[in-house]
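Everything numeric in this text was worked out from a predicted model, so none of it was measured. We number each residue from 1, following the sequence as shown. Values below: all heavy atoms of this structure, side chains included; hydrogens, waters and symmetry mates excluded.
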Amino acid sequence: MASLGEKTTTAVEGDQDPTEDEEDDEGEEDEDEEEEEDSVEPKLKYERLGNDVKDVLKNDAASCLAVQSKFLALGTHWGVVHILDLQGNRIKQFPCHSTTVNEISIDAGGDYVASCSDDGQVVVNGLYATDSNIKVNYDYPVRSLALDPEYGHRQSGQYVTGGENLVFHSKGMFRAKTTVLHGGEGPVRAIRWHRQFIAWANDMGVKIYDCQSKQRITYINRDEGSPRPELYRCNLCWRGERTLLIGWGNSVKVCTVKERPKKDVRDLPSLYVEITHMTSVDFFIAGIAPVERNQIVLLCYLTNVEVEKAEFKRPQLRIMTCLPDSHKIEESSLDELNMRGWEQYRCNDYRLEHLTEEGLFYLVSPRDVVLAKPRDMDDHIQWLIGNESFEEALSEAETHSANLKSHSVLDVGVQYIQYMIDDRDYEKAAGLCPRVLQGSKKLWEEIIMKFIEVKHLAAVSPFIPRSTLRLDPIIYELVLNTFLL
């Protein structure tokens with residue numbers, strides 16, 4: 001099992017705290033536990049995509065999402081593919097299907113968007129040109145697909161689809177060519193094509209096909225005792241050139257494609273796959289993506305829907321760390337998510353997509369699209385202030401002042417001084433004044449008035465500017481009168 005990590009409860013920006021509707025009579029032990037959780041700083045921050053996304057999901061429901069550095073492609077249960085900018089504004093829409101969009105794939109250049117559905121149709125639409133547009137009707141439900149990453153730059157028109165078989169499609173001289181790459185092991189529910197490698201999952205396990213050698217190079221069995229694949233789909237994601245992340249049921253695997261030693265004389269493919277890290281977890285995986293070189297993020301589903309009268313729980317986002325010199329994966333942080341409608345959704349209703357270079361993660365449920373992104377220095381300082389770690393907040397502000405947007409050294413310092421006054425540590429508050437206020441005449445005068453109000457002017461009087469900065473004469477008179485009284 002994954003080891004227990006740091007837990008925070010996260011409200012999506014603009015919403016009430018997701019813990020506010022919980023019972024408050026859980027005893028002192030739970031209160032102590034909550035206080036401990038609050039002391040752990042979240043790794044990510046969250047905001048709900050609004051604008052046209054809100055309007056789309058008012059009357060329809062999201063079924064899948066694909067992301068590209070320039071736009072998002074959102075599929076819905078009414079069979080529409082909406083092209084949106086990164087803020088959720090609609091650019092265009094394609095009413096492609098008569099039922100739920102099962103999967104969307106975008107080529108590497110962001111020129112073409114493909115979609116598939118149980119209606120048997122595969123549709124490829126160009127955003128800037130229509131030369132390679134296609135609309136094909138197959139006689140079986142198409143559960144998954146992937147475009148050739150170079151689809152927009154090649155004339156071959158290659159893509160793969162998953163129904164009961166994994167089928168490779170390309171343009172021929174006179175008509176389209178299809179080749180069954182694999183079949184007979186249940187529906188192909190997930191496909192990811194990255195560079196020369198195609199990874200796919202059926203009910204038996206995960207396979208990888210090498211397009212250069214035209215060989216299947218590995219077969220990774222589904223774990224024995226895994227939950228039903230139709231209820232808990234396999235989630236695949238490529239990281240870097242040759243690493244495949246697999247999150248399926250309650251199992252996580254990190255697999256790396258490697259070169260077979262040349263001295264190996266067996267008649268085997270020149271490439272093989274090594275499972276470098278693996279773990280079992282006590283939840284179901286609804287999505288997987290890379291964070292940093294040795295970390296992955298999991299979208300977690302905690303409800304076992306196969307249990308009668310199952311109690312639905314909020315989804316979570318967990319960051320896991322792959323330990324060096326070990327096959328183990330340990331939990332680093334945990335955020336509970338407040339996504340709309342979580343009380344009624346199943347594991348396959350959720351999706352996780354990501355933009356690696358930008359460090360952005362898109363969390364999808366039928367009524368919500370939430371963006372998770374790294375916290376910046378302003379967020380860090382705000383968290384420190386909220387946890388009354390003012391000395392550290394001020395030091396961080398001083399060190400990173402050039403990177404701050406919503407905070408400043410002066411702003412943080414003044415809050416620190418006020419906190420110490422409220423805490424009746426007048427000497428500490430007074431000692432901070434030269435460091436924080438420096439040459440601000442207005443703030444010096446305001447702070448001195450606060451010390452006069454609490455009748456502790458003596459604490460700050462040694463620090464009051466006398467030569468380098470001249471305050472209002474009234475201030476000096478007030479100080480003098482205070483000592484004479």
Side-chain angles (χ1 to χ4, degrees), residues 2 108 144 146-150 153-154 156 158-160 162 165-168 170 179-186 188-224 226 234-281 285 288-298 320-330 354 356-357:
S144 55
L147 281 179
D148 175 357
E150 299 300 318
H153 300 287
R154 293 177 180 163
S156 53
Q158 296 178 150
Y159 63 95
V160 285
N165 302 307
L166 180 74
V167 183
F168 189 95
S170 61
T179 304
V180 175
L181 297 181
H182 191 261
E185 294 183 351
V188 177
R189 303 179 195 276
I191 308 173
R192 286 293 183 268
W193 188 339
H194 176 70
R195 299 186 182 274
Q196 74 194 67
F197 302 114
I198 300 173
W200 74 96
N202 56 34
D203 287 356
M204 302 301 292
V206 175
K207 288 88 176 168
I208 299 178
Y209 179 83
D210 178 11
C211 294
Q212 287 188 357
S213 65
K214 298 187 179 345
Q215 288 181 299
R216 195 177 74 192
I217 60 173
T218 194
Y219 173 30
I220 303 165
N221 284 317
R222 186 165 71 97
D223 290 351
E224 188 176 345
S226 295
C234 179
N235 299 278
L236 304 173
C237 178
W238 287 97
R239 180 181 71 190
E241 297 286 332
R242 293 189 170 193
T243 299
L244 179 66
L245 309 179
I246 305 173
W248 197 352
N250 52 14
S251 170
V252 181
K253 293 184 175 74
V254 179
C255 311
T256 302
V257 180
K258 296 187 173 183
E259 300 278 347
R260 197 177 298 278
K262 296 189 183 301
K263 62 183 180 181
D264 192 331
V265 296
R266 293 174 295 173
D267 185 20
L268 295 170
S270 61
L271 300 173
Y272 73 101
V273 172
E274 178 184 334
I275 300 176
T276 59
H277 293 84
M278 62 187 299
T279 191
S280 295
V281 292
I285 299 165
I288 188 168
V291 185
E292 299 171 351
R293 182 174 176 80
N294 68 331
Q295 289 188 319
I296 56 179
V297 62
L298 301 177
M320 315 289 286
T321 300
C322 300
L323 300 181
D325 304 320
S326 166
H327 290 295
K328 295 181 180 179
I329 303 173
E330 290 191 349
H354 73 288
T356 304
E357 292 183 4

Answer yes when [X] and [Y] have at least one side-chain N-carboxylate O distance shorter than 4.0 Å, and no when they do not.
X	Y	result
Glu185	Lys207	yes
Arg222	Asp203	no
Arg242	Glu259	yes

Do [X] and [Y] touch side chain to side chain, with heavy atoms closer than 4.5 Å?
X	Y	answer
Leu245	Leu236	no
Val257	Ile217	yes
Val160	Val167	no
Ile220	Ile246	yes
Ile208	Arg216	no
Ile288	Val297	no
Lys258	Val273	no
Cys237	Pro290	yes

What closest approach, in Å, do [X] and [Y] show between heavy atoms, and which atom pair accounts for it?
X	Y	answer
Gln295	Arg239	O-NH1, 4.0 Å
Val254	Cys322	CG2-SG, 4.0 Å
Gly183	Asn165	CA-OD1, 3.1 Å
Ala199	Leu244	CB-CD2, 3.9 Å
Gln158	Ser170	CG-CB, 3.9 Å
Arg154	Asp148	NH1-OD2, 2.8 Å

More than 12 heavy atoms of other residues, nucleotides or ligands under 6.0 Å from CD of Glu274: is that the case?
-> yes

Relative to each other, are the rings of Trp238 and Phe197 parallel, tilted or perpendicular (30° and 60° limits)?
-> parallel

Check whether [X] reaches the backbone of [Y] with its side chain - one donor and one acceptor, N or O, closer than 3.5 Å.
X	Y	answer
Trp200	Asn202	no
Asn221	Asp223	no
Thr179	Leu181	no
Thr276	Cys255	no
His182	Leu166	no

Atom [atom1] in [X], atom [atom2] in [Y]: separation rounded to 0.5 Å?
X	Y	atom1	atom2	answer
Ser213	Gln196	OG	CD	7.5 Å
Ser251	Ile285	OG	CD1	6.5 Å
Tyr209	Ile191	OH	CD1	13.5 Å
Arg195	Glu150	CZ	CD	8.5 Å
Thr256	Glu241	OG1	CD	12.5 Å

Where do Ile329 and Leu323 land on the side-chain contact (heavy atoms from CB on, under 4.5 Å) test, with the steps shown first?
-> CA-CA 6 Å; Ile329 303 173; Leu323 300 181; over 6 Å; no

Short side-chain donor-acceptor distance under 3.5 Å, Thr279 and His277 | no

With distance as the sole criterion, is a donor-acceptor pair present between the side chains of Gln215 and Asp210 under 3.5 Å?
-> no

Take Met320 and Val252 through the side-chain contact (heavy atoms from CB on, under 4.5 Å) test and state the conclusion after the steps.
-> CA-CA 10 Å; Met320 315 289 286; Val252 181; 5.7 Å; no

